[in-house]
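Okay, structure first, notes after.
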Amino acid sequence: LSALRSARALVESTFRGVRARALFGGIAAHSFLPMETAGSAAIGMVLTVAAHGSGWPFPRGGSQKIADALTSYLRSLGGEIETGRRAEQLPDTPLVMCDVGPRQFVAMAGERLPAAYRRSLERYQPAPGVFKLDWALDGPVPWKAKECARAATVHLAGTFDEIANSERSFQGAPFVLVAQPSLFDETRAPVGKHTLWAYCHVPNGSTEDRTEAIEAQVERFAPGFRNRILARRSAGPAEFERGNPNAIGGDVIGGANTLRQSFIRPTPSLYRTPLKGVFLCSASTPPGGGVHGMCGYHAVKAALGNLTK
């Protein structure tokens with residue numbers, strides 16, 4: 001029941017300290033929702049429990065290592081992988097698992113979809129986008145708070161109200177999520193050097209360059225940070241969508257985490273589609289975006305259940 005509340009309502013009724021409120025606000029902001037929105041407490045609660053239980057781990061050598069491991073296992077089972085080709089229509093096979101968003105599925109399936117189902121997919125609401133920076137640094141980030149030098153993930157904003165304002169209006173100093181894996185993984189950078197990445201949320205499809213705003217926020221909490229920048233790379237919503245057409249307008253979580261879309265995602269049919277043997281398994285199905293494989297897991301269970309009937 002607490003998860004159904006807004007992050008603000010939960011914070012104001014549960015946490016008294018400024019630090020505790022800010023801590024939960026930063027975690028709840030992973031929902032990509034305003035802190036006043038019903039259900040915005042849910043992701044904050046789940047991620048906080050995960051942090052208490054096992055921390056927020058990351059793969060040694062980079063996230064490519066996860067893809068490499070999955071690829072190796074699939075090939076060991078006789079699977080084949082084809083890349084570098086845009087799939088513009090559904091393949092003619094008995095079973096198709098579509099790891100695509102609603103808009104891409106409509107484009108691929110075309111007139112084969114019933115009109116009502118197609119309209120339902122077209123009404124699906126995207127999440128805000130992201131503006132991301134990657135840095136090469138001449139040393140570790142000079143955090144004012146020494147505890148930050150012991151954390152792989154750091155949330156920068158200040159108070160809960162500052163986080164709430166950023167996520168509601170996308171104006172002023174942004175809420176910035178920072179990851180500093182090279183502090184713990186020596187494979188990420190040459191000896192004595194470091195890598196860092198960070199992003200902030202922006203309106204879906206935004207073309208605004210948030211480089212200065214993000215770096216100013218890091219500098220606020222780590223004076224001298226800019227002096228350690230050797231190189232940077234930026235990516236806004238357009239770059240994310242070019243790299244992955246599912247990331248509509250820079251939406252990297254497969255659709256807004258509204259209460260409705262948390263349970264009806266992308267339609268009441270969830271993983272099933274009106275087409276025989278065709279299933280959706282992307283982050284646009286429950287439980288939504290995140291570092292997990294549960295969308296595919298549940299989609300496969302639905303497909304297997306259908307095949308055994």
Side-chain angles (χ1 to χ4, degrees), residues 1-58 127-128 130-132 140-181 183-184 196-202 210 213-223 225 252-253 256-259 262 287-292:
L1 293 178
S2 292
L4 298 177
R5 305 175 69 185
S6 72
R8 179 176 289 280
L10 182 65
V11 158
E12 292 181 348
S13 66
T14 306
F15 302 114
R16 293 188 297 273
V18 173
R19 291 188 177 193
R21 291 185 174 193
L23 174 65
F24 187 80
I27 299 173
H30 283 260
S31 67
F32 282 70
L33 293 171
M35 297 293 95
E36 296 77 19
T37 302
S40 56
I43 287 180
M45 294 179 69
V46 169
L47 291 179
T48 302
V49 169
H52 279 295
S54 58
W56 291 357
F58 54 84
V130 298
F131 187 95
K132 181 174 180 282
V141 179
W143 299 110
K144 287 193 291 186
K146 301 304 181 185
E147 295 86 350
C148 291
R150 303 199 303 270
T153 301
V154 182
H155 297 148
L156 300 180
T159 65
F160 177 86
D161 285 336
E162 287 181 82
I163 297 169
N165 179 67
S166 173
E167 296 304 284
R168 180 177 55 253
S169 67
F170 302 113
Q171 299 296 314
F175 163 72
V176 178
L177 187 146
V178 179
Q180 41 187 6
L183 287 179
F184 310 95
L196 192 78
W197 63 260
Y199 69 74
C200 70
H201 301 154
V202 297
R210 298 291 279 167
I214 291 175
E215 291 190 350
Q217 191 73 308
V218 179
E219 185 78 17
R220 171 187 171 190
F221 297 99
F225 163 72
V252 298
I253 61 170
N257 285 313
T258 61
L259 271 181
S262 294
V291 188
H292 58 73

*Which pair of non-hydrogen atoms, one from Gly26 and one from Ile163, has the smallest distance, and what is that distance?*
N-CD1, 3.4 Å
_Quick check for you: to the nearest 0.5 Å, what is the distance between Phe131 atom CZ and His201 atom NE2?_
14.0 Å
*asked:* Please enumerate all residues that pass side chain to side chain contact (heavy atoms under 4.5 Å, CB included) together with Arg5, with sequence neighbours excluded.
replied: Ala9, Leu10, Ser13
*Is there side-chain contact between Phe221 and Cys148, with heavy atoms separated by less than 4.5 Å?*
no
_Among residues at least two apart in sequence or on other chains, which ones pass side-chain hydrogen bond (donor to acceptor under 3.5 Å, both in side chains) with Glu219?_
none
*asked:* Listing request: all salt bridge (charged side-chain N to carboxylate O under 4.0 Å, His left out) pairs with a residue in residues 27-46, at least two apart in sequence or in separate chains.
replied: Arg8-Glu36, Glu36-Arg168
*Can you tell me how far the CG atom of Leu4 sits from the OG atom of Ser40, to the nearest 0.5 Å?*
11.0 Å
_Suppose we screen for ring pair (Phe, Tyr, Trp, His ring centres under 6.0 Å). Which residues come up paired with Phe175, at least two apart in sequence or across chains?_
His155
_Heavy-atom closest contact (Ala179 atom, Leu196 atom, distance)_ = O-CD1, 3.4 Å
*Closest approach of Leu33 to Glu167 (non-hydrogen atoms, all atoms of both residues)*: O-CB, 3.9 Å
*Test side chain to side chain contact (heavy atoms under 4.5 Å, CB included) applied to Thr37 and Thr258, step by step*: CA-CA 8 Å; Thr37 302; Thr258 61; 5.8 Å; no
*Residue list, salt bridge (charged side-chain N to carboxylate O under 4.0 Å, His left out) with Arg21, at least two apart or on another chain*: none
_Using 0.5 Å steps for rounding, measure from the NE2 atom of His30 to the CG atom of Leu177._
4.5 Å
_For Phe58, all residues meeting side chain to side chain contact (heavy atoms under 4.5 Å, CB included), sequence neighbours excluded_ = Ala152, Pro181, Phe184, Asp185, Arg188
Throw together a table of side-chain donor-acceptor distances under 3.5 angstrom for residues 41-57, partners on residues two or more places apart or in other chains.
{"unit_1": "Thr48", "atom_1": "OG1", "unit_2": "Gly44", "atom_2": "O", "d": "2.6"}
{"unit_1": "Trp56", "atom_1": "NE1", "unit_2": "Leu47", "atom_2": "O", "d": "3.1"}

*Going from CD1 on Ile214 to SG on Cys200, what distance comes out if it is rounded to the nearest 0.5 angstrom?*
4.0 Å
*Can you name the residues that form a side chain to side chain contact (heavy atoms under 4.5 Å, CB included) with Ala149, not counting sequence neighbours?*
Trp143
*asked:* For Ala173, give me all partners under side chain to side chain contact (heavy atoms under 4.5 Å, CB included), at least two apart in sequence or on another chain.
replied: Gln217
*Flag, side chain of Arg220 to backbone of Ala157, donor-acceptor distance under 3.5 Å*: yes
_By the salt bridge (charged side-chain N to carboxylate O under 4.0 Å, His left out) test, which pairs, at least two apart or in different chains, include something from residues 142-156?_
none
*What pair of heavy atoms forms the shortest contact from Gly39 to Leu259, and how long is it?*
CA-CD2, 4.0 Å
*What are the two closest non-hydrogen atoms of Ala198 and Val176, and how far apart are they?*
CB-CG1, 3.7 Å
*Report the residues that fulfil ring pair (Phe, Tyr, Trp, His ring centres under 6.0 Å) with Phe225, sequence neighbours left out, ordered by chain and then residue number.*
Trp135
_My understanding is that only residues two or more places apart in sequence, or in another chain, count here; which of them pass ring pair (Phe, Tyr, Trp, His ring centres under 6.0 Å) with Phe15?_
Phe24
*Please report the shortest heavy-atom distance between Ala22 and Gly158, naming the atom on each side.*
CB-O, 3.3 Å
